[in-house]
Amino acid sequence: AYLAGLLGHPPPVYAHVPLVLNHEGKRLAKRDGAVTLAELGVDRTLALISASLGWPSADITELLDGLGAPPAYFPQNVLMNIQGYQSLDTVINKSLKPLSAQQFLAVARESSAVLLDVRKEADFVAAHIPGSIFIGIDGNFAPWVGALVMDVNQPLLLITPHGREQETITRLSRVGFDNVLGYLDGGMEAWTHAGFETDQVESISPDTFASKYSADTVVVDARKPGEYSAEHLPNALNIPLDTVNSHLDAIPEEIFYLHCAGGYRSVIMASILKARGIHNLINVEQGIAGIRKTGLKLTDFVCPSTGK
């Protein structure tokens, strides 16, 4: 019924979809090499459901347009569901560990922990621990952690807004990331007070970007392919955020401007690139939404659903 609503069809009175199928959708016994719907994948599964209900295949195509591969942590979550996992209380008790700046630095040096900064993007841009990764808790937090950190067993050290330490640990745990080693007690204020090094992301307003922009300006667009196809700066290179770790060789060697839709994803990408030693970037605040307001010429809008 939910799928029917998404596609604009009335809910079916009754529909049966075999759970054991071959790749042509024919029902099989296990001895014949049967597979589950999960093994078929989202697109093929929905296509089979649609066909069984007599819905046009174009409806499913539209629904799936721009849908990427499932995050790497999904199979790990399935395994955790099978094997069992720690209770939330247990996770919080072992993870909600305040660390002084000195302790935080020592643990970071002694472990393979990812330093995960979940503050607001403007705060991260202004000052952050060198090598830390930004994924703001006020954005699409858990899915991006899963897509970019990937390994649910990865040790994590947290830099959080004051008072949101337990919330961060809880939200990480809900998607299987239970290996938090502690958090920076006192946040970035404690880090700077201890005299430790900080870094920044060079970031400019859309108006400043517009004043510098020309046909020769190198631009990286961190949005999804469907967003990029709909409308973009004519000379922008599309490197979607969720593919950045596998496309580092595509990052320009010269200074480039980085943007997304509204400013969240571009800061995530900037943090990943800087953590990998790539610093020749300038973040454009407010993303394409802000760039559009400057009057810069974008490609003609193409509706992602109709292609027109």
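- A single hydrophobic cluster is seen to contain both L115 and M188, as judged by linkage of ILVMFWY side chains at heavy-atom distances under 4.5 Å, directly or through other members.
- Note that the CG atom of N283 and the CZ atom of F256 stand 10.0 Å from one another [nearest 0.5 Å].
- Residues T294 and Y213 are not in side-chain contact: their nearest non-hydrogen atoms beyond the backbone lie 4.5 Å or more apart.
- A salt bridge between R164 and E167 is present, with a side-chain N of the basic residue lying under 4.0 Å from a carboxylate O of the acidic one.
- Taking the six-membered ring for Trp and the full ring otherwise, F141 and Y264 have centroids separated by 6.0 Å or more.
- With T243 contributing its side chain and P240 its backbone, the two residues share a donor-acceptor pair below 3.5 Å.
- If you take NE2 on H247 and CG on D249, they are separated by 7.5 Å, rounding to the nearest 0.5 Å.
- Placement of I92 and V145 within a single hydrophobic cluster is found when ILVMFWY residues are connected by side-chain heavy-atom separations under 4.5 Å, directly or transitively.
- Classified by interplanar angle (parallel below 30°, tilted 30° to 60°, perpendicular above 60°), the ring pair F134/F124 is tilted.
- For P155, the side chain to side chain contact (heavy atoms under 4.5 Å, CB included) criterion is met by S112, A113, N179, L181, not counting sequence neighbours.
- You'll find the side chain of L241 reaches within 4.5 Å of the side chain of L148, heavy atoms only.
- In this structure, E253 has no side chain to side chain contact (heavy atoms under 4.5 Å, CB included) partners at least two apart in sequence or on a different chain.
- One distance of note links CD of E202 with OH of Y257; it measures 7.5 Å at 0.5 Å rounding.
- When only modelled atom types and interatomic distance are considered, R265 and N140 share no side-chain donor-acceptor pair under 3.5 Å.
- Note that the NE2 atom of H259 and the CE atom of M269 stand 10.5 Å from one another [nearest 0.5 Å].
- Put simply, the side chain of N280 gets close to the backbone of E254: a donor and an acceptor are under 3.5 Å apart.
- In terms of modelled atom types and a separation under 3.5 Å, the side chain of W144 and the main chain of G136 share no donor-acceptor contact.
- Counting all heavy atoms, side chain and backbone alike, A101 lies closest to A194 at CB-CB, 3.8 Å.
- Formation of a donor-acceptor pair under 3.5 Å by the Q200 side chain with backbone atoms of A127 is not found in this model.
- R292 is listed as a side-chain neighbour of L298, based on a closest heavy-atom distance under 4.5 Å.
- Donor-acceptor pairing under 3.5 Å is recorded for the side chains of T208 and S205.
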Exercise for the section: Evaluate the criterion side-chain contact (heavy atoms from CB on, under 4.5 Å) for residue pair N238 and H232; output intermediate values, then yes/no. Expected result: CA-CA 9 Å; N238 185 213; H232 60 268; over 6 Å; no
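- Put simply, the side chain of I159 reaches to within 4.5 Å of the side chain of R119, judged on heavy atoms.
- The heavy-atom pair separating A270 from L258 by the smallest distance is N-CD2, 3.7 Å.
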Practice task
Take L248 and R276, measure what side-chain contact (heavy atoms from CB on, under 4.5 Å) needs, and give me the verdict at the end.
Solution key: CA-CA 9 Å; L248 293 174; R276 292 181 176 273; 3.4 Å; yes
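- Note on R223 versus E231: no salt bridge recorded, every NZ/NE/NH1/NH2 to OD/OE distance being 4.0 Å or above.
- Between the side chain of S271 and the backbone N or O of I268 there is at least one donor-acceptor pair closer than 3.5 Å.
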Exercise for the section: Please step through side-chain hydrogen bond (donor to acceptor under 3.5 Å, both in side chains) for the pair S203 and E285, ending with a clear verdict. Expected result: CA-CA 7 Å; S203 191; E285 300 161 3; 3.2 Å; yes
Problem - L156 and Y183: CA distance, side-chain angles, deciding distance, side-chain contact (heavy atoms from CB on, under 4.5 Å) verdict - result: CA-CA 9 Å; L156 300 172; Y183 66 89; over 6 Å; no
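- Put simply, the side chain of D242 does not reach to within 4.5 Å of the side chain of K224, judged on heavy atoms.
- One hydrophobic cluster, built from ILVMFWY side chains closer than 4.5 Å, cannot hold both I282 and V220; they sit in different ones.
- Within the 3.5 Å criterion, the main-chain N or O of V107 finds a donor-acceptor partner in the side chain of S111.
- In this structure a side-chain-to-backbone donor-acceptor pair under 3.5 Å is missing from E189 to G186.
- Heavy-atom neighbours of I255 CD1 from other residues, nucleotides or ligands within 6.0 Å: at or below the threshold of 12.
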Exercise for the section: Test side-chain hydrogen bond (donor to acceptor under 3.5 Å, both in side chains) on S173 and D178 and set out the steps. Expected result: CA-CA 5 Å; S173 181; D178 294 340; 2.9 Å; yes
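- In terms of modelled atom types and a separation under 3.5 Å, the side chain of N93 and the main chain of D89 share a donor-acceptor contact.
- With values rounded to the nearest 0.5 angstrom, D221 atom CG is found 6.0 Å from I288 atom CD1.
- When the side chains of ILVMFWY residues are joined at heavy-atom separations under 4.5 Å, either directly or via intervening members, L273 and V284 end up in two distinct hydrophobic clusters.
- Taking OG1 from T198 and CD1 from I129, the interatomic distance works out to 9.5 Å, rounded to the nearest 0.5 Å.
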Exercise for the section: Given side-chain contact (heavy atoms from CB on, under 4.5 Å), test L116 with V180 step by step and report yes or no. Expected result: CA-CA 10 Å; L116 183 61; V180 173; over 6 Å; no
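- Look at K120 and D117 and you find no salt bridge, because none of the NZ, NE, NH1 or NH2 atoms lies under 4.0 Å from a carboxylate O.
- Side-chain atoms of R171 come within 3.5 Å of backbone N or O of I137 as a donor-acceptor pair.
- Both I272 and V125 are part of a single hydrophobic cluster, where members link through side-chain heavy atoms under 4.5 Å apart.
- Without hydrogens or angle criteria, N235 side chain to A215 main chain gives a donor-acceptor distance under 3.5 Å.
- Contact between L237 and A250 at its shortest, heavy atoms only, is CD2-O, 3.5 Å.
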